[in-house]
Asks: 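Structure provided below as structure tokens; questions to follow.
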Amino acid sequence: MKYDQARWTDDGDERYEPLLSEKANREVEVEDSPLPDDLTRDSLELPDPAEPELARHYTRLSQMNYGVENGPFPLGSCTMKYNPSFTEDVSRRAEAAVHPDRPDSTVQGTLALCHRLQDYLGRIGGMDAVTLQPPAGAAGEFTGIQIAKAYHQHNDDERSEVVIPDSAHGTNFATAAMAGYDVVELPSGDDGRVDPEALEAAVGEETAALMLTNPNTLGLFERDIERIADVVHDAGGLLYYDGANLNALLGRARPGDMGFDVMHYNVHKTFATPHGGGGPGAGPVGVTDELAQFLPDPHVQSSKGGYEYYTPDHSIGKVHGFYGNWPVLLKTFAYVTRLGDAGLADASAKAVLNANYLAEQIPYEVPFGPFHHEFVASASPQDAADAAKRMLDHGVHPPTTKWPEIVDEALMTEPTEAESKRSLDQLAAAFSAVHDEDDETLASAPERTAAGRIDQVEAARNPRLSWQALDSET
Ligand SMILES: *Cc1c(COP(=O)(O)O)cnc(C)c1O
């Protein structure tokens, strides 16, 4: 199958869709202001399109992009599952739009919902208390590690190290460093898992926590998790669960039962709400009873037949404005409630089945297994990034590439339970077609998309997040 993205060209102009400010502008006179001259301006240009122009502008931009509603999106570790429209309906309801400064006595329904979601997430993860405040998985990690730090400090037990396997997500290393810890990197064992003996050598009285993803980023379940938990706990450390791969365990196994003390949930992965372009998301954090006194402020608790905000005794303070990214949390609530226990267990079963079916259909080697909801194939001798770009020409979103580094030219692939057999077969056909193509074709891909290769490093290091025209200096 071949795919062509919409392109709008203007007589050789390489820019396919002008900015709104380049299309239709209106000069606005600015009235005299009491502010100092260097803080004011004499005139202001504002985009002034008619409604159809505006609607077409955004529709065209969406046609120049690839999203979960275009086709399969097996971006490993990100769990880009289709977002059912009922979750959007719920979060868009007018009643959901409450001002965060309203006193708790006037937002009892909202707080009841927060409280129920805390409870649901706690039961799903096997955790005693949950905060909904952190706005992303990475923010959840930072919150969780701050809680671990507060716990050790509370016990007059300053520790300096956080242990992290080399297959972990980059945010784990960044979190530990930002929280002021030295990172001890744990090399994976030959089977792609944590080697308990290497762990024993790495863990000691300086260990504040071990951060672990289970199943790990290769999709492998850490079978020695009970022994791993004992090693860390015996040394006085805490066990942190990176919840990005919870979709593999949903309704079947719980981090709390495996010995984890603190975890985050990437609700924008596990419970729909796919997180394109860096947001929006939410990263609630669950903890055991022992750690609940350190949760962020405010927390929601039930009281005398109602609900109220309260400050946990030794709270680490605020980690985000107000009580979290509310529309995303509402979608999570809608999704969990609609699926129920049986539906959640069914989702993880199908996610694992789909990953295993797809891996069987593709010509690339998958060196590690048995895997769960995702697998990491090796594109070698092809360049994984080139192969990935070419997949777009075949109408599918590529997998995550070049990570984890333990697999040569990694294609980290996670189809999710949302894909039918037909779309899994479409994915497999794209993998197969790309597998048989020559290096020259791959190196010049993508050909059929609105934009060719962009300079990703430049885009990440020097983003121009401005309403101003691209050619203006400021
Ligand atoms: C996505 C991810 C994170 C970070 O979560 P964000 O919500 O993107 O901040 C952490 N660990 C793993 C394994 C992930 O896949």
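We count ligands from 1, going down the list as the structure has it; atoms in each ligand are counted the same way. Residue numbers run from 1 in the order of the sequence given.
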Asks: Heavy atoms under 4.0 Å from ligand 1: which residues qualify?
Replies: Ser77, Ala136, Gly137, Ala138, Glu141, His169, Thr171, Asp242, Ala244, Asn266, His268, Lys269
Asks: For residues Asn245 and Pro215, report the shortest heavy-atom separation together with the two atoms involved.
Replies: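 Minimum heavy-atom separation between Asn245 and Pro215: ND2-O, 2.8 Å.
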Asks: In plain terms, say whether Lys331 and Glu88 are close enough for a salt bridge, that is, a side-chain N and a carboxylate O under 4.0 Å apart.
Replies: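 Result for this pair is yes, salt bridge flagged.
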Asks: Please tell me if the side chains of Asp261 and His233 come closer than 4.5 Å, counting only heavy atoms from C-beta onward.
Replies: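 Yes; the side chains approach each other to less than 4.5 Å.
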Asks: Could you go through residues 109-117 and list every donor-acceptor pair under 3.5 Å that involves a side-chain atom there, pairing it with any protein atom two or more places apart or in another chain?
Replies:
| unit_1 | atom_1 | unit_2 | atom_2 | d |
| --- | --- | --- | --- | --- |
| Arg116 | NE | Tyr120 | OH | 3.2 |
| Arg116 | NH2 | Tyr120 | OH | 3.0 |

Asks: Testing the basics here: between Arg252 and Ser348, what is the closest heavy-atom pair and its distance to 0.1 Å?
Replies: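 Where Arg252 meets Ser348 most closely, the heavy atoms are NE-OG, 3.0 Å.
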Asks: Please name the pair of heavy atoms, one in Thr400 and one in Gly76, separated by the smallest distance, quoted to 0.1 Å.
Replies: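 The answer is OG1-O, 2.8 Å.
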